[in-house]
Amino acid sequence: MSTVSNQLEDDWRFVFAKTGRAKAGQAQKPPSASALRQTLLTAVRRKPQVMVKITSFSSSSKQLGAHLDYISRNGDNEVFDHQGVSFSSIGDRIGLSTQEAMHAYGQAFASVTPKQNGEGARRARGRPRKRISMNLMLSMPAGTETGAFELAVRDFLNNQFQAHDRLFTFHDDRDHYHAHVVIGLQGDDGRWLNPRKHDLLAWRESFADSLERYGIPATALPAYSRGKGKEGYRRDLEELNRRGTRERPNPSPSYEAETEERAIRRRAEAWTRIADHYAAQQDHEAANAIRDYVADHYDYRPEPGVHQAPDQSLTPPPSLKQRNRLEHQGRER
């Protein structure tokens, strides 16, 4: 098995890191040269990026009901439960309208009070939560085959949220076919889903795997690896601005444009060092593919062939939040 140089392995791990800061000192099994090359080429060969977005949360049954009316177009658009059964079928079976059946299902997982002990009961865990459900949107670029996309969405939800009540529907009102999903935040075991950034990244990767299983090319690279950083404002407020109901907010106080630019620049330099490595090995297929990727995704483009010295410190200077915490700790002492 061919060996991989330390610098190449460090750059490879860094370009796939899921945050703007690479973590040093992690003991990980070194990849083979062929596996490393394959993951790089798979990433840069322009597979469509999946989109998994948390659009909002519901904190009451009233909010949840309004969202269900929106995604179902007041019952005109077919919505499915966690087993993939349509609410029109459920309604016919129990003598309710489609909308009434859907709202009854929503009310069931909006009721987050602890259930009585007994078979199938949920045991309350942790403190009470204000949020009762999470709203997701899943999409791929225009032209994606809709039948396979629907199957992939069902596969993803069954794999990722098996312990949670959920319902979903599909919309074609934009240039790209997409799915709206509602997830009950309290699981069957009583635990609460409290999504963080790393969860969203894992969901993107899981959704990409489901799409690939159904023949749709897809990938889920972290934003920094695609030349994108934080935008410094909440996306729900940006949506309000798009609708003309609120002006675009100023960047968050914790947002640092210089830190974001530096994180992206360091990714571009790492990609370029990898391309230079393959060029020196006469592997022009890999070198050219990676250089094309950098040209397509990064405004900052290191000069090919010019040695880009890696950052001596894998961790950039502390962020504003970290500096404030350090100052607070210093005052306490």
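- Taking 4.5 Å as the limit, every side-chain heavy atom of Thr146 sits out of range of all side-chain heavy atoms of Asp172.
- When side chains are defined from C-beta on, His82 counts as touching Tyr105, because their heavy atoms get closer than 4.5 Å.
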Next item on the list: Evaluate the criterion side-chain hydrogen bond (donor to acceptor under 3.5 Å, both in side chains) for residue pair Gln38 and Ser34; output intermediate values, then yes/no.
Entry: CA-CA 6 Å; Gln38 184 59 46; Ser34 59; over 6 Å; no

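- Cluster annotation: Phe80 is not connected to Tyr214 through the hydrophobic network of ILVMFWY side chains, with a link wherever side-chain heavy atoms come within less than 4.5 Å.
- A cation-pi arrangement, defined by a distance under 6.0 Å to the six-membered ring centre and an angle within 45 degrees of its axis, is absent between Arg13 and Phe16.
- Neither side chain, Asn135 nor Thr55, offers a donor N or O lying under 3.5 Å from an acceptor on the other.
- In the hydrophobic clustering of ILVMFWY residues, with side-chain heavy atoms under 4.5 Å counting as a link, Leu157 and Ile54 come out together.
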Next item on the list: Might you work through the side-chain contact (heavy atoms from CB on, under 4.5 Å) test for Thr219 and Glu212, ending with a clear yes or no?
Entry: CA-CA 9 Å; Thr219 190; Glu212 292 269 341; 5.9 Å; no

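- When all heavy atoms are compared, the tightest approach of Lys47 to Pro217 is CG-CB, 4.4 Å.
- Remark: the backbone N or O of Ile71 is paired with a side-chain donor or acceptor of His171 at under 3.5 angstrom.
- For the atom pair Ser88 OG and Met102 CE, the distance stands at 11.0 Å (nearest 0.5 Å).
- Atom CG in Asp92 sits 8.0 Å away from atom OG in Ser86 (nearest 0.5 Å).
- There is a path of hydrophobic side-chain contacts, each under 4.5 Å, that joins Tyr70 to Val182.
- In this structure, Met140 and Pro48 approach most closely via the heavy-atom pair CE-CB, 3.6 Å.
- No more than 12 heavy atoms of other residues, nucleotides or ligands lie within 6.0 Å of CG in Asn6, so this atom counts as exposed by the packing criterion.
- In terms of heavy atoms, Ala220 sits closest to Val50 at CB-CG2, 3.9 Å.
- The shortest side-chain heavy-atom distance between Asp173 and Arg73 falls under the 4.5 Å cut-off.
- Ile183 CD1 to Ser133 OG: the interatomic distance, rounded to the nearest 0.5 Å, is 9.5 Å.
- Using modelled atom types, no side-chain atom of Tyr177 and backbone atom of Glu145 make a donor-acceptor pair closer than 3.5 Å.
- Under the 3.5 Å distance criterion, the side-chain polar atoms of Arg37 are left unmatched by any main-chain donor or acceptor of Ser32.
- With Arg166 contributing its side chain and His164 its backbone, the two residues share a donor-acceptor pair below 3.5 Å.
- Note: the hydrophobic cluster containing Leu201 does not contain Met137 (ILVMFWY, side chain heavy atoms under 4.5 Å, direct or indirect links).
- Test Val153, Asn159, Asp155 against Phe207 for side-chain contact (heavy atoms from CB on, under 4.5 Å) and you get one pass: Val153.
- By the salt bridge (Lys or Arg N to Asp or Glu O under 4.0 Å) test, Asp81 pairs with no residue at all, sequence neighbours left out.
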Note to self: Show, in sequence, the C-alpha distance, side-chain angles and deciding distance for His284 and Gln282, and conclude whether the side-chain hydrogen bond (donor to acceptor under 3.5 Å, both in side chains) test is met.
What the structure shows: CA-CA 6 Å; His284 298 298; Gln282 301 299 309; 3.3 Å; yes

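- Gln107 contributes atom CD, which lies 12.5 Å from atom CD of Glu100 (distance to the nearest 0.5 angstrom).
- Note: the hydrophobic cluster containing Phe168 does not contain Leu151 (ILVMFWY, side chain heavy atoms under 4.5 Å, direct or indirect links).
- Taking each heavy atom of Asn194 and Asp199 in turn, the nearest pair found is O-OD2, 3.8 Å.
- In terms of heavy-atom proximity, Leu211 sits nearest to Ala152 at CD2-CB, 3.6 Å.
- Take Asp69 and apply the salt bridge (Lys or Arg N to Asp or Glu O under 4.0 Å) test, not counting sequence neighbours, and it matches no residue.
- Side-chain contact between Phe156 and Phe161 is present, with at least one heavy-atom pair separated by less than 4.5 Å.
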Next item on the list: Evaluate the criterion side-chain contact (heavy atoms from CB on, under 4.5 Å) for residue pair Val79 and Leu68; output intermediate values, then yes/no.
Entry: CA-CA 9 Å; Val79 180; Leu68 294 179; 5.9 Å; no

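- Taking 4.0 Å as the cut-off between side-chain N and carboxylate O, Glu150 and Arg154 do not count as a salt-bridged pair.
- Residues Ser72 and Gln99 have side chains that never bring a donor and an acceptor to within less than 3.5 angstrom of each other.
- Paired with Trp271 under the rule ring pair (Phe, Tyr, Trp, His ring centres under 6.0 Å), one option of Tyr278, Trp12, Tyr293 passes, and it is Tyr293.
- Applying the side chain to side chain contact (heavy atoms under 4.5 Å, CB included) test to Asp292 and every residue at least two apart in sequence or in another chain returns Arg46.
- Side-chain atoms of Glu269 and Arg273, non-hydrogen and from C-beta on, do get closer than 4.5 Å to each other.
- No more than 12 heavy atoms of other residues, nucleotides or ligands sit less than 6.0 Å from atom CD of Gln162.
- At least one side-chain heavy atom of Phe57 sits less than 4.5 Å from a side-chain heavy atom of Leu185.
- In plain terms, the two heavy atoms of Ala268 and Tyr298 that are nearest each other are CB-CD2, 3.7 Å.
- Using a 4.0 Å cut-off between a side-chain N of Lys or Arg and a carboxylate O of Asp or Glu, Arg291 and Asp276 qualify as a salt bridge.
- Residues Val181 and Met134 fail the side-chain proximity criterion, which asks for heavy atoms closer than 4.5 Å.
- The structure places NZ of Lys53 at 12.0 Å from CG of Leu138, a figure rounded to the nearest 0.5 Å.
- Atom OG1 of residue Thr272 and atom NE2 of residue His277 lie 14.5 Å apart, to the nearest 0.5 angstrom.
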